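Shown next, in structure tokens, is the structure this report addresses.
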Amino acid sequence: MNEQNSQDEFWMRHALALAQKAEQMNEIPVGAVIVSDDTIIGEGWNTPITDHDPSAHAEMKALRLAARQRENYRVIDATLYVTLEPCPMCAGALVHGRITRLVFGAFDEKTGAAGSVMQLCRHEALNHQIEVTGGVLAESCGAVISNFFKRRRAEKKQLKRGIS
């Protein structure tokens with residue numbers, strides 16, 4: 001394993017720990033961390049239900065913190081690590097925020113905008129393209145989300161049984 005892969009896995013494990021914070025709040029377990037010069041400059045986890053905010057995705061929260069820390073909406077020379085491939089909203093914000101590199105864990109075949117459904121991060125018509133690495137710790141990242149939805153489905157089934 002080369003140094004870049006090792007570093008990517010290290011930070012993805014941190015993002016996975018942040019995803020657990022979302023799960024503890026019964027939110028979809030996605031975590032994100034933004035790193036520059038081996039230092040965290042922003043991090044977040046999903047809270048759209050808790051915050052009543054459709055934009056409260058892990059990536060958006062991490063990007064907001066990083067921009068505040070930098071005192072600039074452009075978060076250049078930084079890498080965002082996130083456990084799930086970003087949606088179109090988040091991918092667009094990452095382009096506008098000038099993130100240099102995106103590393104994600106699980107692919108999102110339904111809403112992924114970094115290659116699965118569409119490619120916003122490297123679209124040649126946009127004024128900024130992001131270097132993208134997908135599939136880092138994909139099994140672990142995917143399992144966290146899959147297990148969350150399995151548990152939620154089981155809980156709903158249990159509720160239906162209790163009502164009948």
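This one's a predicted model, so the numbers in the text were calculated from it and none came from an experiment. Hydrogens, waters and symmetry mates are skipped; everything else that's a heavy atom, side chains included, is used.
For Asp8, the side chain to side chain donor-acceptor pair (under 3.5 Å) criterion is met by Gln4, Tyr81, Arg101, not counting sequence neighbours.
Side chain of Glu23 to main chain of Ile28: no donor-acceptor pair is present (N/O by atom type, distance under 3.5 Å, no hydrogens or angles). A distance-only check finds a donor-acceptor pair linking the side chain of Gln119 to the backbone of Cys121 [under 3.5 Å]. Counting only distance, with no hydrogens or angles, the side chain of Ser146 and the backbone of Gly142 share a donor-acceptor pair below 3.5 Å. Of the possible polar contacts, one joining the Gln129 side chain to the His123 backbone as a donor-acceptor pair under 3.5 Å is found. Counting only distance, with no hydrogens or angles, the side chain of Asp108 and the backbone of Lys110 share a donor-acceptor pair below 3.5 Å.
Between Thr39 and Asp37, the side chains place no donor N or O within less than 3.5 Å of an acceptor N or O (distance only, hydrogens not considered). Thr83 and Arg13 share no side-chain donor-acceptor pair at under 3.5 Å. Using modelled atom types and a 3.5 Å distance limit, the side chains of Asn26 and Arg151 yield a donor-acceptor pair. A donor-acceptor pair shorter than 3.5 Å can be found between the side chains of Glu85 and Ser116. Between the side chains of Thr100 and Glu131, not a single donor N or O lies within less than 3.5 Å of an accepting N or O.
Atom NE2 of His14 has more than 12 neighbouring heavy atoms from other residues, nucleotides or ligands inside a 6.0 Å radius.
If you take CZ on Arg64 and NZ on Lys61, they are separated by 8.5 Å, rounding to the nearest 0.5 Å. Here OG1 of Thr47 is found 12.5 Å from NZ of Lys21. Values are rounded to the nearest 0.5 Å. A distance of 9.5 Å separates CZ in Arg74 from NE2 in His128, rounded to the nearest 0.5 Å. Atoms CD1 and CZ, on Ile76 and Arg98 in that order, are 10.0 Å from each other to the nearest 0.5 Å.
If you chain together hydrophobic residues whose side chains sit under 4.5 Å apart, Ile145 and Val82 fall into the same group. Hydrophobic clustering, with ILVMFWY side chains joined whenever heavy atoms are under 4.5 angstrom apart, groups Val30 together with Leu94.
The list of ring pair (Phe, Tyr, Trp, His ring centres under 6.0 Å) pairs with a residue in residues 32-67, not counting sequence neighbours, is empty.
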